[in-house]
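This report concerns only the one structure given below.
Note that ligands are numbered from 1 as they come in the structure, with each ligand's atoms numbered from 1 the same way.
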Amino acid sequence: MSHATRTTRGDRLRSAAAGLSAAVVAVGLAELVAAIVEPSASPFAVIGSGLIDLAPSWAKDTAIALFGTGDKVALLTGIAIVLAGLAAIAGILESRRAGVGATILAALGVLALVAAMIRPGAGPFAWLPGLVAGVTAVVALRLLMRKVHPVPYLRAEHEERRQFLLWTVGVAATGIVALAIGNAARGVTRSIEAVRSTLRLPKAATPAPAVPVAAELDIQGLAPVVTPNAQFYRIDTALIVPRIDPADWSIRIHGMVDREIVVTWDELLALPMQESHVTLACVSNEVGGDLIGNALWLGHPVRELLARAGVDPDADMVLSTSSDGFTASTPLEALTDDRDALLAVGMNGDPLPIEHGFPVRMVVPGLYGYVSATKWVTDLEVTRFDRATAYWTDRGWSERGPIKLQSRIDVPRRGTRIEAGDAVIAGMAWQQHVGVEGIEVRIDEGAWRRAELATAISDDTWVQWRLDWSAESGAHTIECRAISADGETQTSDPADVVPDGAQGWHRIEVSVA
Ligand SMILES: Nc1nc2c(c(=O)[nH]1)N[C@H]1C(S)=C(S)[C@@H](COP(=O)(O)O)O[C@H]1N2
Ligand SMILES: [Mo]
């Protein structure tokens, strides 16, 4: 070979750029193909989802703590960075020995292909985007590699470099254009949003009582007693939110039942609907945290459907499954007692927002979301706790998740500076399905004072509270603790969110000018 390798720094840089460019065009074309044939098989999304499912729960906690609801963007960015690094390395290795880098890129394609095929609900073409990614990456890398070494020696190096640059940029640009078209195509599949926004939900046969006027204290900075949908926290494992056409939706109720039943969307909507305010809370909510919200839900009681199926007396759990394979284990009695666990279709007067479970989700008063609030629900299996386990239980969280008695200070905001004189301390308290009977506040670890509780909407919702305070200059700590309707006082013993929810008193520091 005439151009026996004399690798220079320039060669290495060009090789890395070739690898990177090959990866960009591969990802771009693969995402485009995915957007057209199988949106849920997007290589980025399936690898991200695989990582989410494989991640130990400490990693999930850290991600939520660091990035909050931006955890998914952070994950995708992380994958992009790792992929870019691997692609650059593949380019350099390929320039040293043909085939090595190409093998690495092909392996990444295979990874995307396998990850897509093993996802729950994978469609018949789930393998295609990964295949496109692998083949494109290998072809592009080979092509660009031929342009990396601008030899034989005496030729116009400058011209060759220019050629290389043009090719590399051109290939990468093709990828970016494909990515953009793919995104636009995905926008078309967003037409489920159009279906959703034109839906008319039936009126409730049993409407919720009006929210008592005295439930809303209307204090600046205090969480509103009913959370608007746009402000409602969102927690789930779905990198690509399931987009389900109600016309295609049905739920199957099976397992330890006398007769299996399937209920379609039209059948569900024809059943008597009931409305109630329920406060949903995430088990990952830290003391003082905001992974909690209250909404007016419209739905049909789960217990009616279970009764229709006829539940085996030996059963003690219902395993609910979403279209994307998330599962929750709910104690049977929480679904059959008088608490009105719902198969919900409406949230605050609208169809469920897509990210909150459209078209149907579960809402069970008194239980953390991870054991009850399955979004995009399509399957209820009546079973036993000793026979089946759910998504988070398999990852070290408690099998059962009753919501703990908790309270939070919203006003003044922690760490802020306020004026001396008449001030107000205000916050929220909750223990869904038990109810809150009182709230106490202490300043600088002085005596506990009873605060004023607003009128609760119901035992299934959180409640606002307030206390007047004549603030004196200096640094102060404020703590609160709730008393439940059962007479229990919120414990000061701190507990981490794992395995069954945080506990302890919310304590904030403020400085008074
Ligand atoms: N399909 C599905 N449903 C799910 C989850 C999920 O990951 N997938 N997460 C659960 C958890 S942990 C919580 S706290 C609630 C959050 O509901 P929200 O996003 O509507 O607030 O949804 C529950 N339902
Ligand atoms: Mo949660």
Over 60° means perpendicular and under 30° means parallel, so tell me whether Phe326 and Tyr391 are parallel, tilted or perpendicular.
tilted
Within the structure, does Glu355 bring an N/O atom to less than 3.5 angstrom of an N/O atom in ligand 1?
no
A student comparing His356, Lys375, Met347 should find that the heavy atom closest to atom 19 (O) of ligand 1 comes from Lys375
Start with the C-alpha gap between Met317 and Glu399, add the side-chain angles, then the distance that decides, and say whether side chain to side chain contact (heavy atoms under 4.5 Å, CB included) holds.
CA-CA 10 Å; Met317 186 261 271; Glu399 182 174 85; over 6 Å; no
Report the nearest protein non-hydrogen atom to atom 16 (C) of ligand 1: residue, atom name, distance rounded to 0.1 Å.
Ile235 O, 3.6 Å
Which heavy atom in Pro39 sits nearest to a heavy atom in Ile240, and how many Å separate them?
O-CD1, 3.2 Å
Would you call Lys72 and Asp236 a salt bridge, taking side-chain N to carboxylate O under 4.0 Å as the test?
yes
Ligand 1 N/O within reach of Arg361 N/O, cut-off under 3.5 Å:
yes
Evaluate the criterion side chain to side chain contact (heavy atoms under 4.5 Å, CB included) for residue pair Trp397 and Val498; output intermediate values, then yes/no.
CA-CA 6 Å; Trp397 296 75; Val498 189; 3.7 Å; yes
Say whether, by atom type as modelled, one donor and one acceptor occur between the side chain of Ser276 and the main chain of Ala208 under 3.5 angstrom.
no
With a 4.0 Å heavy-atom cut-off (strictly under), which part of Leu280 contacts ligand 1: side chain, backbone, both or neither?
side chain
Relative to the heavy atoms of Ser322, which atoms of ligand 1 are at a distance of less than 4.0 Å?
1 (N)
Tell me: protein heavy atom nearest atom 7 (O) of ligand 1, and distance?
Thr237 N, 2.9 Å
Polar atom proximity, Tyr233 to ligand 1 (N or O, under 3.5 Å):
yes
In this structure, atom 24 (N) of ligand 1 is nearest to the protein heavy atom Ala373 O, 3.0 Å
Considering residues at least two apart in sequence or located in another chain, which fulfil the side chain to side chain donor-acceptor pair (under 3.5 Å) criterion with Glu31?
Ser42, Arg186
At under 4.0 Å between heavy atoms, is it the side chain or the backbone of Cys282 that contacts ligand 1, or both, or neither?
both
Is Asp500 paired with Lys404 through a side-chain N to carboxylate O contact shorter than 4.0 Å?
yes
Could you check atom 2 (C) of ligand 1 against the protein and tell me its nearest heavy-atom contact, residue, atom and distance included?
Phe326 CD2, 3.3 Å
N/O separation below 3.5 Å, Val283 to ligand 1:
no
Is Ala238 near ligand 1, meaning one of its heavy atoms is under 4.0 Å from it?
no
Answer yes or no: is there an ion pair linking Asp53 with Arg119, defined by an N-O contact shorter than 4.0 Å?
yes
Proximity to ligand 1 by part of Tyr368, non-hydrogen separation under 4.0 Å:
neither
Hey, is Arg303 close enough to Asp337 for a salt bridge, meaning N to O under 4.0 Å?
no
Which of the numbered atoms in ligand 1 are below 4.0 angstrom from a heavy atom of Thr374?
3 (N), 24 (N)
At a non-hydrogen distance cut-off of under 4.0 Å, which region of Tyr391 contacts ligand 1 (side chain, backbone, both, or neither)?
neither
State the atoms of ligand 1, each with its element, that fall below the 4.0 Å cut-off from a heavy-atom position in Tyr370.
11 (C), 12 (S)
Report the distance from atom OG1 of Thr321 to atom CH2 of Trp376, rounding to the nearest 0.5 Å.
14.0 Å
Between atom OH of Tyr233 and atom CD1 of Ile292, what is the distance when rounded to the nearest 0.5 Å?
7.5 Å
Counting each atom of ligand 1 from 1 as listed, which ones have a heavy atom of Gly369 under 4.0 Å away?
10 (C), 11 (C), 13 (C), 14 (S), 23 (C)
Under 4.0 Å from any heavy atom of Phe232, which atoms of ligand 1 are there?
21 (O)
